[in-house]
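The structure presented is a predicted model; accordingly, all values stated were derived computationally and were not measured. For this chain, numbers begin at 1 and follow the sequence in order. We count ligands from 1, going down the list as the structure has it; atoms in each ligand are counted the same way.
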Amino acid sequence: MSQNTKETNPQAENKARGSSTDIKKPKIIVVTGGVLSGLGKGIACASMGNILKRQGFKVNIQKFDPYLNSDAGTLNPGEHGECFVTDDGGETDLDLGHYERFLNEKLTRDSSVMAGRIYAAVIENERKGLYLGKTVQVIPQVTDMIKSLLWKAAQSVNYDIHIVEIGGTVGDYEGVVFHEAMRQLHLDVGRENVLYVHLVFLPYLEASGEVKSKPAQNSVRDLRNIGIQPDVLVVRSDYPIPEKVVVKLAQFTNVTPDAIVPMPTLESVYEAPLVMQKYGLDKLILKHFGIEQKAKFNNGHWEKLVKTIKQVKPKLKIAIVGKYLDMKDTYMSLTEALKSACWNNGRDLEIIWVDAEEIEKKKLSVTTLKKVAGIVVPGGFGKRGTEGKITAIRFARENNIPYLGLCLGMQLATIEFARNVACIADAASEEFNPKSTNHVIHIMESQKGIDRKGGTMRLGAWPCTLKNGSRARELYGKKDITERHRHRFEFNNFYRETLEAKGLLISGTTPDNKLVEMIEIPDHPFFIASQFHPEFNSRPNVPHPLFDGFVKATIKDRS
Ligand code: GLN
């Protein structure tokens with residue numbers, strides 16, 4: 001499913017977009033960040049998208065990341081967080097997950113663009129002779145390529161509004177070219193068709209007991225130095241922002257006080273759209289663009305969601321047995337999917353993070369898992385921690401603790417079953433135990449001989465057929481499903497009959513029955529694992545059926 005995107009001639013395309021009247025041009029919102037990283041720019045973009053969608057607009061969101069990687073597929077999840085996979089097989093930044101969850105839309109690989117893809121396309125064009133003997137420079141060739149990829153995404157569907165998040169903060173060396181391309185936009189399409197939003201942070205100084213606006217002022221000055229006057233400031237702070245600070249910020253940043261939107265640290269990120277709405281950001285945006293709302297504003301279901309989140313509910317302890325535990329963002333979509341299922345069942349999620357390596361090295365007894373209501377083994381790569389995860393899976397199976405396995409979590413559950421139920425003592429995966437003679441998990445045929453990393457795994461949405469009578473079939477309520485994948489290894493069909501004879505149910509396969517997509521153990525309260533990643537398709541107010549079924553089982557059986 002993965003395909004390489006062929007970038008075309010950006011100058012010609014941008015020119016066409018600037019002059020043609022028959023191509024619909026969406027309004028563009030550019031979101032930049034200042035002061036600090038990690039302020040929640042992705043959540044701010046997603047929230048803006050959420051409230052604009054409620055006004056009846058078709059909204060797209062795209063992120064530009066200044067990293068020289070081609071995509072997020074080759075980034076270390078332990079440092080950068082989850083690699084979010086789109087239906088079309090894009091390996092993208094985790095912010096795409098926020099965008100999809102807040103918009104309730106499926107986005108494409110074009111919504112996540114990293115600098116490596118831009119430079120590669122420019123260099124490829126140069127080799128093809130498309131620049132006709134000219135010197136190739138950051139301005140205009142690279143900035144044109146950035147804008148061409150922006151318009152490609154913005155005009156891929158009939159969008160009314162296209163939100164663009166620029167990764168990093170203003171002043172980062174690697175971000176300059178992106179900010180410059182965004183500056184040029186207002187010349188290309190008119191100032192009234194571009195809205196610049198800058199996200200800043202106000203630190204709190206204990207000694208004087210006040211929030212300080214100087215770093216935010218400086219950040220806006222940096223932005224203005226490169227020619228961008230923000231129209232809106234979204235102001236993050238851990239403390240309340242007094243009116244006088246808003247007035248001061250307005251004075252020094254040339255942004256009107258009504259366009260300064262406070263964004264305090266919230267109990268739940270899902271509150272952010274409601275806060276933006278409260279401060280009238282939606283009205284401000286429409287006024288800037290000179291457009292009317294398309295539908296009567298109704299965010300009732302979102303308000304209901306936030307109300308549910310804030311209600312005091314019994315806690316549900318779920319163990320996530322993983323290995324990237326210093327960086328919890330690695331499991332972003334998983335934790336959001338678990339939360340959603342918990343809220344739907346009147347519970348609050350309490351995650352018990354379990355380091356698989358500690359179990360493996362016997363620093364932590366697997367019996368600590370007795371106190372949890374359910375166990376999840378998520379996706380992962382490489383050998384580290386796999387034996388600890390297998391021990392945890394065995395514990396879940398033997399102690400009737402509900403178990404949900406995702407991707408690697410299915411592969412390891414297969415190995416555990418093969419070893420301890422089917423008595424195949426050296427059952428292993430070819431990925432981390434190449435010498436074993438019993439690879440119950442082996443390299444996929446289509447993956448043999450691939451040595452390039454990045455965009456080469458089995459990626460994106462693939463159809464799966466569920467077996468009648470299986471738990472999975474019952475939970476999904478249908479036979480044919482589509483879920484997102486990201487893996488190189490698979491269940492080895494050679495062992496299918498042996499494992500089935502011992503009680504493992506192959507509950508989902510590709511429609512041609514060639515690849516195993518789901519397994520379950522029927523005489524267990526809940527033991528289901530999938531080769532795909534259902535977490536990418538969960539929504540905060542519409543839990544994914546597998547997660548919902550898992551949480552229901554934990555409540556029924558354990559608490
Ligand atoms: N490492 C395994 C594979 O490549 C599982 C991947 C995953 O969990 N996403 O098949």
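Remark: K383 does not engage E431 in a salt bridge, criterion side-chain N to carboxylate O under 4.0 Å. Salt-bridge annotation for R397 and E416: present, with a side-chain N of the basic residue lying under 4.0 Å from a carboxylate O of the acidic one. Contact check on E100 versus R484 returns a salt bridge, with a Lys/Arg side-chain nitrogen under 4.0 Å from an Asp/Glu carboxylate oxygen. With salt bridges taken as basic N to acidic carboxylate O contacts below 4.0 Å, none links K339 and E535. A salt bridge links D110 with R117: at least one charged nitrogen is closer than 4.0 Å to a carboxylate oxygen.
Polar contact with ligand 1: present for F489 (N/O pair, distance under 3.5 Å). Considering both main-chain and side-chain atoms, L406 never comes within under 3.5 Å of ligand 1 through any nitrogen or oxygen pair.
Here the protein heavy atom with the shortest distance to atom 7 (C) of ligand 1 is C407 SG, 3.0 Å. Annotation: atom 5 (C) of ligand 1 to nearest protein heavy atom, G380 O, 3.4 Å.
Contacts of E490 with ligand 1, taken as heavy-atom pairs under 4.0 Å, are absent altogether. Both the backbone and the side chain of H487 come within 4.0 Å of ligand 1, judged by heavy-atom distances. Residue contacts with ligand 1, taken as heavy atom pairs separated by less than 4.0 Å, involve H533 solely via side-chain atoms from C-beta onward.
Against a heavy-atom cut-off of under 4.0 Å, G379 is close to the following atoms of ligand 1: 8 (O). Atoms of ligand 1 lying under 4.0 Å from any heavy atom of R486, numbered from 1 in the order shown and given with element: 6 (C), 7 (C), 9 (N). Counting the atoms of ligand 1 from 1 in the order shown, those under 4.0 Å from a heavy atom of E431 are 1 (N), 2 (C), 3 (C).
Across the listed options R488, E430, H442, Q411, R488 owns the non-hydrogen atom lying nearest to atom 4 (O) of ligand 1.
When the options D93, L94, D329 are evaluated for a side-chain contact (heavy atoms from CB on, under 4.5 Å) with H80, the one that passes is D93. Across N104, L103, L305, a single residue satisfies side-chain contact (heavy atoms from CB on, under 4.5 Å) together with R539, and that is N104.
Closest of all the heavy-atom pairs between G346 and K313 is O-CB, 3.5 Å.
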